[in-house]
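Some notes on the structure that comes next.
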Amino acid sequence: MCEVKDLDECYRAAEELVLYAGKIIKDGIDTRKNVKSKGIDWDLVTEYDRKIEDKLIKQLSGRFPSHKFIAEETAAKEGRLPQLTDDPTWVIDPIDGTTNFVHRFPHTCISLALLVNKKAEIGIIYNPLMGQFFSARRHCGAFLNGKPIKTSDVRDVSQSLVAMEPWIAKDPQYLASVYSRMHALIQGTHGIRSLGTAALTLCYVAMGAVEAYHIESIDAWDVAAGKLIIEEAGGVVIDTAGGELDLMIPRVVAACNQQIAQQLVDLFKKPIQRYLIKT
Ligand code: IPD
Ligand code: CA
């Protein structure tokens with residue numbers, strides 16, 4: 001039940017701030033940006049990421065002084081990932097899909113979650129460029145622009161559309177697993193889609209636009225809000241090996257239901273099947 005009064009206040013503040021941050025993204029999308037890489041040349045940040053994150057933290061800590069934060073650009077600046085505790089904690093990705101934002105590919109969003117006792121109570125993901133405002137509160141359902149959403153009812157992975165992000169194969173430690181999982185998906189599903197924003201792709205699972213999503217090598221801020229939105233829409237988010245997701249080291253299989261999630265876990269465990277090219 002949504003009866004915690006403080007959470008109502010938190011939700012109202014979060015909604016207002018995310019809508020405001022959306023204006024910053026809209027204003028910035030067509031401008032020349034100051035693009036920097038964060039150590040690795042394909043992990044980008046702009047002045048807009050920092051501006052939004054600073055604004056959200058300043059406003060939220062002003063209203064809720066005891067609350068904590070786990071936020072992408074602050075973690076990058078400090079070179080450390082804060083610990084997740086039971087305290088109310090805002091998990092912030094000021095721009096998820098920064099590379100999309102830089103390239104003006106209009107799939108980019110703000111992702112904001114509030115966790116209490118390590119459980120997400122509020123999740124908001126907003127793509128201002130496409131006018132998509134996804135929201136959820138624990139036990140209250142998931143919504144797109146105020147209308148309830150639910151996951152797809154497909155139960156056979158061979159009938160599903162699955163999103164994944166092959167770019168993480170740039171990192172040699174993921175190369176073999178990415179290629180073999182892509183192979184498994186090409187052979188075993190209706191198709192693969194790749195959006196370049198983990199948070200929004202999780203929402204696409206929630207709204208039934210894809211049956212599942214697989215990604216690794218991401219962080220809590222990419223997943224915290226989307227996980228709640230999917231769960232409130234009837235789906236599941238589990239670890240790639242099966243079992244519970246570790247939010248602080250997320251290896252994500254997100255799916256419209258437990259059956260599809262488990263079938264993907266099993267598919268990824270199978271050794272790559274050799275196939276013959278007939279000449
Ligand atoms: C990235 C996006 C992308 C995912 C990356 C993330 P960012 O977040 O979510 O889809 O594949 O791992 O880092 O850098 O745009 O906030
Ligand atoms: Ca980001």
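Every number for a ligand or one of its atoms is a count from 1 in the order of the listing.
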- Apply salt bridge (charged side-chain N to carboxylate O under 4.0 Å, His left out) to Arg63 and list each qualifying residue two or more places apart in sequence or on a separate chain.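 Checked Arg63 against salt bridge (charged side-chain N to carboxylate O under 4.0 Å, His left out); matches are Glu16.
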
If you compare all heavy atoms of [X] against all heavy atoms of [Y], which two are closest, and at what distance to 0.1 Å?
X      : Y      : answer
Ile230 : Ala206 : CA-CB, 3.9 Å
Met164 : Ser194 : O-OG, 2.9 Å
Pro94  : Ile25  : O-CD1, 4.3 Å
Glu73  : Glu53  : N-OE1, 2.9 Å

Numbering the atoms of ligand 1 from 1, which are under 4.0 Å from a heavy atom of [X]?
X      : value
Asp222 : 6 (C), 8 (O), 9 (O)
Glu165 : 3 (C), 4 (C), 10 (O), 11 (O)
Ser217 : 12 (O)

- Query: Mind checking what makes ring-ring contact (aromatic ring centres under 6.0 Å, His included) contact with Phe105, not counting sequence neighbours?
  - Reply: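 Expected list: His107.
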
- Item | For Phe101, all residues meeting ring-ring contact (aromatic ring centres under 6.0 Å, His included), sequence neighbours excluded |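 Phe101 satisfies ring-ring contact (aromatic ring centres under 6.0 Å, His included) with Tyr48 only.
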
Nearest neighbour in protein (non-hydrogen) for [atom]:
atom                    : result
atom 5 (C) of ligand 1  : Trp167 CZ2, 3.3 Å
atom 14 (O) of ligand 1 : Glu72 OE2, 3.7 Å
atom 2 (C) of ligand 1  : Asp96 OD1, 3.4 Å

Please confirm whether [X] comes within less than 3.5 Å of ligand 1 when only nitrogen or oxygen atoms on both sides are compared.
X      : answer
Gly97  : yes
Thr98  : yes
Ile215 : no
Gly196 : yes
Asp93  : yes
Ile95  : yes

Test item: side-chain donor near acceptor, [X] and [Y], under 3.5 Å:
X      : Y      : result
Ser158 : Asp156 : yes
Tyr213 : Glu165 : yes
Glu216 : Thr240 : yes

- Query: Can any side-chain N or O of Glu232 pair as donor or acceptor with the backbone N or O of Gly141 at less than 3.5 Å?
  - Reply: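 At least one qualifying donor-acceptor pair exists.
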
- Query: If you measure from each heavy atom of Leu44 to ligand 1, is any distance below 4.0 Å?
  - Reply: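 Per 4.0 Å heavy-atom rule, Leu44 does not contact ligand 1.
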
- Query: Is it true that Phe101 lies under 4.0 Å from ligand 1, counting heavy atoms only?
  - Reply: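 Outside the 4.0 Å threshold, so no.
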
- Query: With a 4.0 Å heavy-atom cut-off (strictly under), which part of Ala199 contacts ligand 1: side chain, backbone, both or neither?
  - Reply: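 It is neither part, as no heavy atom is under 4.0 Å.
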
- Message: Between Asp222 and Lys227, does any side-chain N to carboxylate O distance fall below 4.0 Å?
- Response: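 Looking at Lys227 together with Asp222, the answer is no, because their closest N to O distance does not fall below 4.0 Å.
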
- Task: Spell out the protein N/O/S atoms under 3.0 Å from the Ca ion (ligand 2) as residue plus atom name.
- Result: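 Within the sphere that stays under 3.0 Å of the Ca ion (ligand 2), the protein atoms of type N, O or S are Glu72 OE1, Asp93 OD1, Ile95 O.
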
- Query: Would you say the side chain of Phe134 lies within less than 4.5 Å of the side chain of Met207, judging by non-hydrogen atoms?
  - Reply: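 They are in side-chain contact.
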
